[in-house]
Structure formats: C-alpha cells, structure tokens
Amino acid sequence: MSQVRETTGTRRATARGTGIARQPRIAVIGAGFSGLGLGIRLKRAGMTDFTIFEKADNVGGTWRDNHYPGLSCDVPSRYYAWSFAPNPDWSMTFSPGSEIQAYIEKVAAKERMDDFIQYRTPITAARWQDTEWQVWSGDRDLGRFDFLISAVGFLHYPNHPDIKGLDTFAGKVVHTAEWDDSTRWAGKRVGVIGNGSTGTQVVAAITPDVQELVHFMRTPQWMVPMDKRPYRRSWKLAQRFVPGLSKRTFKFYEEAQDAFGEGFTEPGPGQDAFVQMPRDFLEAAVPDPELRAKLTPDYPPGCRRLIVSSEYYQMIQRPNAHLVRDGIVEVVPEGVRTADGTLHELDLLIVATGYDANAFIRRLGLVGRDGATVEELWKDGYRTYESVALDGFPNFFMLGGPHSPFGHFSFVLSGEHQSRYAVRWIEAWARGEYENAAPTTAAVDRFTAHQRVKIKETTWGADCVSWYQDVSGTPSLYPWSARTFRDSMSKRVVSDFDVQR
C-alpha cells in the first residue's frame, strides 16, 4: 500500500500546471486494449494520478493469454487498432494474434504506460465508502480512489467443460485459453472439442499436419468467408508515408463495418440478404450433401456469432479429417467415447470451449452505495446505462461490459468510445462540477427496457442458445447500429444521473 501511496503522491505533484483544477485518483482494472486506451486518453487529458491494476505480468489481455495455433482476428486489421495509433505494418487483411499482441506492446511502450501499471495485482474487492472507492487485491489494501473503471472485458476466465473422465486421458489435454507452447501435433491423432471461432481456427491450422483430426461438434455454426490476403510492401509504405491515406483507409473500413453491422441490427431487405450469405457460402463450399447437412445449423444465421473463416470448410473435407456430431459420453485413457458407442482413439486432445463470457465484472467483488452488489443488480438479467454505468455505483464506469456492441463492432473502438465517455465525466469532476454521480434507476430501467425490445428485431433475437444471452435469455448486446453507439457515447446527459455536488 505504501508503494501505491508514494506513486500517487508523485503523480499528483508532476501534474501541476496542466490546467486541471484538481487531480482525480483513478483505479483502472485491466491492461488490455480498453484499459491501456483509457490510460493513454487520461494521460493526454492531463490526468496522471491513475493506476492500471493488471492481474498478469504483461499487457495485452486476451491477446496476451491466447497463442494457440491459427489464432487471428475476425475484424479487419486496419479497423482493429486504436484510432490514434494506426499501424502501417500489418502483414495481412486479418491480423494473426501474435501481431496484435506485438502492436499492443509497442504502443504501450511508446506511451510509457508501464509508469502507470501495477502488474500481478488482481482486483478481488472494491467498495464505495462514503465518497470514494476502496480497492483490495487479496488482503492488500491498494488505497482509495475517486473513480473506479473496469476494463476487464468478457474473455478472461476460461470455460472448462465438465466431461466425465477428462482427467483420465493418457495423452495430453490442452485448453486453447491456457495453451502450452510445447504442444506438438504433427503426425498425431488429434481431437478438438468446440467449434466456435477458436475451435474452427485450430482445426484449419493443424489439419494438414496431423495424422488424423477428429472435430467433436455439438452444434454447427454459420460461417462467412474471410478475405485473408497479405499486404504488399508498397501498400505498407504508402500507409506510412502518403499523407491522409491511413485516415482514409480507416474510414473505408469503418463505413464497411457499419454496413456489415446493420445486417445484424436493422430488419428489412438488407438483413434478409445478409443472413443469406452464410447459407450460400456453405452451399458453395461443401458439395457433399451428407457432410453439408451435418454442418448446417438449425437456427437462422446471425443468431449466434458468425464464424469468419475461408479455410475450415476446406480442411474438414480433407481425407484425414472427421466431423463427429454424436455427443461425447466420456473420455477414457485411449480417447473419446461418443453416444453412438464409438471409441475415437487419440494422442492429443485440444479443448476449445472458450471463456465464461457472462463473467464480466462479477468476480471483482464490487460493492456500491448502500451495499449494492452486481449479483443483486443482475439477478434477473443485465441492466446497464448505455453499456457504461450502473445505478448504485457512483463514479464507476465499464469498458466492454454487458450491452456493449461486441457483436457487430470493433471491440478496440467500442472501448475507445466508452473511454471518451468516461473521461468526459472525469473531466467535469476535475473542473469541480460534482463530487460523485451514478445513473438513476429510472434511466437504467429505460435503457434496459429499450434494449430488450430492440434486440428482438436483430438477428441475435432469433430462437437459439448463444453465449451472448444472460440468465433471462436476452442477448447482452447493443442492439442499435454502430453509428447510434458512437452518437450515444458522445453525449453526457447529466439529467440521467443522480449527481452529488
């Protein structure tokens, strides 16, 4: 605690002369894209009394933790980056994970964010005490703060499946979220459990090298092709040196992504054409009617997250690849036994069951005003104010929480817009306009009610089971367009907040 106090005192002293009437003490949880982006924005605004608490020993979040074979982003490279830090050196149209992590580290180093990060400090509790937040990591009191901001996102707690006998397997078992880089698959009989983005990427990457690939698929997913092409050196140089080209390229991808996203959110002929794309892709890519039937979901396209891959359908049709739709009964030392009685003998088992996507901020131990808890607030489903704030939690903001537009928008840029929103409130505090503020229950109820009505008009509101859904069965996504989201994050509607002056 003394170290945090000393650092805070130093930062408060060095920030004098910035034009800010008073320096807010800010605790940020998580040093991934959102937390770092917020930190950079705070620093540029002259607010330097902040600490980013990171549970690991490096920046990057999801991109630090994931390094399984085939890892890549399903958002175009030039749109999956901070708007203030364009990267002319992306190798291809859709970036591999290692490049994204390298980019995060490079920008963080350039912005000297290590000066503000406390590594190996998982936040386990935070409580609103009268006029400020008190924060703990285990039994360590990390101090008191005027603002608390969660940037933990939603992909950070691995989802381990409850499969009978999994611990008895004689070969190696590795979860993609906890990948062991010593894992070898060449020439082996490999089973992959899970067929979301991760499972399909792994299958696409390793199938050419293995003796046999068995993909255990409970529910098939709709896919769209990925235009994955390397960038020419001349194009990279142009991005670096031609004035204005980088901004124009970003704008092109922004408009394209906006149009793509409206296929999810806006009913009508455009949405009808949008949901037909995955059907046409499957029809063209898999000529064998029996295999195509096994790969055809029983729910409409867009209800779950679309898988972006041009390679999976090719790989699952190779002679050494087998798609298994029969449910897994148990794992035995020799391999996996399925419901039809078949024993699939394997040497390596890759578990690609992703993360607990509904964890969000639940495990941070947050307690707001008058003992309010997140569990109580969300017991019947998610409730938020415009995806960034909660009633009963003063001077608290979320980046990448429930109702964020992570179904149809670049997660990096949605975090940027949410950061701008939070900083506007913090700047108002620094000017002395208020002491603490939280959205009113009426404002939260209004936004949540509108979200639950509008989500039914989107593709996510169709009849299917998805990791987007909360306990009420409502998808936890922002149901309007990206343009609407950007507009909502540009406004600070003070009347929607209970403001203490």
Side-chain angles (χ1 to χ4, degrees), residues 55-56 62 64-71 97 122 154-207 209-221 294-295 297 304-305 307 309 312 315-316 320-360 362-363 464-469 471:
K55 66 180 181 180
T62 296
R64 173 201 61 228
D65 295 341
N66 284 274
H67 40 95
Y68 58 80
L71 173 64
F154 60 97
L155 298 179
H156 50 114
Y157 297 114
N159 180 29
H160 293 279
D162 183 16
I163 300 176
K164 179 183 177 182
L166 187 58
D167 58 346
T168 69
F169 182 57
K172 185 171 187 174
V173 178
V174 59
H175 195 292
T176 51
E178 301 163 327
W179 189 259
D180 178 357
D181 289 329
S182 69
T183 303
R184 299 292 179 264
W185 57 85
K188 295 185 177 181
R189 300 168 299 176
V190 182
V192 177
I193 300 174
N195 66 306
S197 294
T198 299
T200 55
Q201 287 178 351
V202 169
V203 170
I206 71 173
T207 298
D209 302 323
V210 303
Q211 175 186 331
E212 181 183 15
L213 189 290
V214 183
H215 193 190
F216 298 98
M217 179 183 292
R218 184 170 56 185
T219 305
Q221 306 263 35
K294 293 173 70 174
L295 288 166
R304 292 185 173 193
R305 186 175 181 88
I307 307 299
S309 173
Y312 175 80
M315 292 300 145
I316 202 62
N320 65 327
H322 309 287
L323 179 66
V324 175
R325 289 287 310 277
D326 295 290
I328 295 175
V329 174
E330 63 177 341
V331 176
V332 296
E334 297 79 15
V336 174
R337 193 181 307 280
T338 49
D340 63 348
T342 302
L343 173 62
H344 304 272
E345 298 186 2
L346 302 168
D347 306 307
L348 170 65
L349 193 54
I350 298 174
V351 180
T353 50
Y355 292 84
D356 176 3
N358 278 294
F360 290 112
R362 294 178 187 275
R363 305 189 191 187
C464 74
V465 176
S466 154
W467 61 262
Y468 288 145
Q469 294 168 339
V471 294

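All figures in this text were calculated on a predicted structure; none of them were measured in a lab. In what follows, every heavy atom counts, from backbone to side chain, and hydrogens, waters and symmetry copies are set aside.
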Determine whether [X] and [Y] make a side-chain contact, defined as any pair of heavy atoms from C-beta on separated by less than 4.5 Å.
X	Y	value
Leu295	Ile316	yes
His175	Thr353	yes
Lys164	Arg337	no
Thr342	Asp326	no
Arg363	Asp356	yes
Thr207	Tyr312	no
Val202	Trp185	no

Roughly how far, to the nearest 0.5 Å, is the [atom2] atom of [Y] from the [atom1] atom of [X]?
X	Y	atom1	atom2	result
Ile328	Ile193	CD1	CD1	4.0 Å
Ile307	Thr200	CD1	OG1	5.0 Å
Leu348	Leu213	CG	CG	10.0 Å

On a heavy-atom basis, which atom in [X] and which in [Y] lie closest, and how many Å separate them?
X	Y	answer
Gly335	Leu343	C-CD1, 4.1 Å
Lys55	His156	NZ-O, 3.4 Å
Val331	Thr168	O-OG1, 3.2 Å
Pro158	Tyr355	N-CD2, 3.6 Å

Would you say the side-chain atoms of [X] pair up with the backbone N or O of [Y], donor to acceptor, closer than 3.5 Å?
X	Y	answer
Ser466	Arg305	no
Lys294	Arg325	no
Thr62	Leu155	yes
Asn358	Gln469	yes
Arg304	Val465	yes
His215	Gly194	yes
Asn195	Thr219	yes

Going by the side chain to side chain contact (heavy atoms under 4.5 Å, CB included) test, name the single residue among Ile163, Val192, Val190, Val336 that passes it with Leu349. Val336
What residue among Val214, Val210, Asp209 forms side chain to side chain contact (heavy atoms under 4.5 Å, CB included) with Asn320? Val210
Please assess Trp179 against Asn66 for the test side chain to side chain contact (heavy atoms under 4.5 Å, CB included), listing each intermediate value before the final yes or no. CA-CA 7 Å; Trp179 189 259; Asn66 284 274; over 6 Å; no
Paired with Asp347, the side-chain hydrogen bond (donor to acceptor under 3.5 Å, both in side chains) test is passed by just one of Gln211, Arg189, Lys188, namely Arg189
Stepwise, does the salt bridge (charged side-chain N to carboxylate O under 4.0 Å, His left out) test hold for Asp180 with Lys172? CA-CA 10 Å; Asp180 178 357; Lys172 185 171 187 174; 2.8 Å; yes
Name the orientation class of the two ring planes belonging to Phe216 and His344 (parallel below 30°, tilted from 30 to 60°, perpendicular beyond 60°). perpendicular
Pair Tyr68, Thr183 - check side chain to side chain contact (heavy atoms under 4.5 Å, CB included), show working. CA-CA 10 Å; Tyr68 58 80; Thr183 303; over 6 Å; no
